[in-house]
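A note on names: the letters A, B, ... follow the listed sequences, proteins ahead of strands, and every chain is numbered from 1. For the numbers below, each heavy atom of this structure counts, side chains included, while hydrogens, waters and symmetry mates do not.
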Protein chains: 2
Amino acid sequence: MFPSVRVKVRNLDPCQQYYVAMDVMPVDSKRYRYVYHSSQWMVAGNTDHSCISPRLYVHPDSPCAGETWMRQVISFDRVKLTNNEMDDKGHIILQSMHKYKPRVHIIRQDPRLDLSQIQSLPSEGVHSFCFPETEFTTVTAYQNQQITKLKIDRNPFAKGFRDPGRNRYGSRTCPQNTRQRDPRGSAGLTTETGHQIKCLRVAGQSRAEFHTSQN
Amino acid sequence: MFPSVRVKVRNLDPCQQYYVAMDVMPVDSKRYRYVYHSSQWMVAGNTDHSCISPRLYVHPDSPCAGETWMRQVISFDRVKLTNNEMDDKGHIILQSMHKYKPRVHIIRQDPRLDLSQIQSLPSEGVHSFCFPETEFTTVTAYQNQQITKLKIDRNPFAKGFRDPGRNRYGSRTCPQNTRQRDPRGSAGLTTETGHQIKCLRVAGQSRAEFHTSQN
DNA sequence: CAGTTACCACCTAGGTGCTAATTT
DNA sequence: AAATTAGCACCTAGGTGGTAACTG
């Protein structure tokens, strides 16, 4: 997921241990389509999200003392998204052409519970936070060229698509080779789905901040 | 460090949380040199290790329930060694031309202590294990061609040095370019020191096993 | 037709031993 | 003379968007 969600935390107990986690919630129950000539997302149908419990991404530094969490910017740059409902790699499962918003959870460690393999949120000791500016729309192919440009400009892994002066990208190098495609389902491995960020701030440009009182 | 140390654990409390860690201890206080014509390591001087407290490598899966530790082979394939005494990357610091043996520690989690950033071993709740066959001698340049061959054959990252049929390795591709070397200390970044394994079993070929009674 | 996927060239990031240059 | 280091070509591993092929 790029740009990645980055947060700062305040007012934790410095000596208390916390887990920090992220999940992604549906914004509504609508399916969208992009209308090119008006550059707008329009409602295109309904979806029932109610039967799906979202997957939880636990920050790899967890568990960690409040002091340490507060001293650093907490970056979720390893979060992976997929549209494969059968995913077995622990990625966050989303449906394409829908709107979502990330949630960040600060979870106080409970010595009575084994949280080392937490799959879902505990019922107490959790504070959750949303940031409206991080809402985004999922796609399998980019609809909006400004998003494509933002990603290519900002993501180090997309460096190969910058610098149109050396125009060797964008057209296939070996167009004479007709590629053969595997029969559907032959391998069955998950392909990472592209995703489109609507308003999420670019990592390094600005940082979401929030405060939590004690907890 | 390759080959990497790999262990199995038994008789842990399935519900108890444990840290697993490794450090590397001097075998003796001798400096060695390799006598090529007799293919032997000979004592070449004395060293005082007593003032150095060895660095601890905490396995990245820590902390974790005993049940989980026992279910898997615990591999220390991310351990990094250096001969730079000023190292600030947390690597294990060793002296070249000395003999060492890895130690594996099973550390029962103590709720009273914050072990999330452990730098040294607690005074209690620790069981430590050595395996004679993992003893090795440190070098900055390989002395023994059998070791070089073992590493090239077994380490995926050394694949470029296999297959002498395509003999494009081993001799410089551009010998006409006389390389300029930076003045000493200009950058100062740590270089990973090569290291020579004497008897350590090859990962995947055999596995060290040990048992611990309760704890 | 719109949406999705497989495959690709192109990157980042970093782990190998080899060799020449340098240090001790 | 012996030990160490920097830079190198060559790998593994995996993150990018573009494109053609495929799906429904």
TODO: Could you check how far CG of Leu81(B) sits from P of dT4(D), rounded to whole Å?
DONE: 14 Å
Open item on the list: From the set dG18(D), dT4(C), dT16(C), return the single nucleotide nearest to any side-chain atom of Phe2(B).
Closed with: dT16(C)
- [ ] Calculate the interatomic distance between Asp153(A) atom CG and dG15(D) atom P; express it in whole Å.
- [x] 21 Å
Open item on the list: Applying side-chain contact (heavy atoms from CB on, under 4.5 Å), can you list everything that pairs with Ser75(A), at least two apart in sequence or on another chain?
Closed with: Ser4(A), Arg6(A), Asp77(A)
Task: Those residues that, when tested against Ser53(A), pass side-chain hydrogen bond (donor to acceptor under 3.5 Å, both in side chains) (two or more places apart) - done: none
TODO: Let me know the distance between OH of Tyr142(A) and P of dT4(C), rounded to the nearest Å.
DONE: 14 Å
TODO: Could you work out which one of dC18(C), dT12(C), dG18(D) sits closest to the side chain of Thr148(B)?
DONE: dC18(C)
Identify the pairs formed between an N or O of the protein and an N or O of nucleotides 13-15 of chain C at a distance under 3.5 Å, and give each distance.
from, atom 1, to, atom 2, distance (Å)
dG15(C), OP1, Lys80(B), NZ, 2.9
dG15(C), N2, Phe157(B), O, 3.0

Task: Any pair counted as salt bridge (charged side-chain N to carboxylate O under 4.0 Å, His left out), so long as it reaches residues 17-43 of chain A, sequence neighbours left out - done: Asp23(A)-Arg103(A)
TODO: Look at Asn83(A) and dG3(C) and indicate whether a side-chain polar atom (N or O) is within less than 4.0 Å of OP1 or OP2.
DONE: no
Task: Protein-nucleotide distance (Lys151(B), atom NZ; dC11(D), atom C1'), rounded to Å - done: 16 Å
Open item on the list: I'd like to check the side-chain contact (heavy atoms from CB on, under 4.5 Å) partners of Ser38(B); sequence neighbours left out, ordered by chain and number.
Closed with: Val35(B), Gln40(B)
Task: Side-chain N,O (Lys159(B)) to OP1/OP2 (dT12(D)) below 4.0 Å - done: yes
TODO: Would you name the heavy atoms of Pro102(B) and Thr134(B) that are closest together and state the gap between them?
DONE: CD-OG1, 3.2 Å
Task: Length of the line joining Met97(B):CE and dT5(D):P, which is rounded to integer Å - done: 13 Å
- [ ] Send over the distance from Gln95(A) CD to dA2(C) P, rounded to a whole Å.
- [x] 21 Å
TODO: Check whether any side-chain nitrogen or oxygen of Ser96(A) sits under 4.0 Å from OP1 or OP2 of dT4(C), and answer yes or no.
DONE: yes
TODO: Return the set of residues passing side-chain contact (heavy atoms from CB on, under 4.5 Å) with Pro14(B) (not counting sequence neighbours), or none when no residue passes.
DONE: Glu67(B), Met70(B)
Task: Between dG15(D) (C1') and Lys89(A) (NZ): distance, integer Å - done: 14 Å
Open item on the list: Without decimals, in angstroms, what is the distance between Gln143(B) CD and dG17(C) C1'?
Closed with: 14 Å
TODO: Check every atom of dG3(C), dT16(D), dT4(C) against the side chain of Arg33(A) and return the nucleotide holding the closest atom.
DONE: dG3(C)
- [ ] Start with the C-alpha gap between Trp41(B) and Tyr34(B), add the side-chain angles, then the distance that decides, and say whether ring pair (Phe, Tyr, Trp, His ring centres under 6.0 Å) holds.
- [x] CA-CA 4 Å; Trp41(B) 288 97; Tyr34(B) 192 73; 5.1 Å; yes
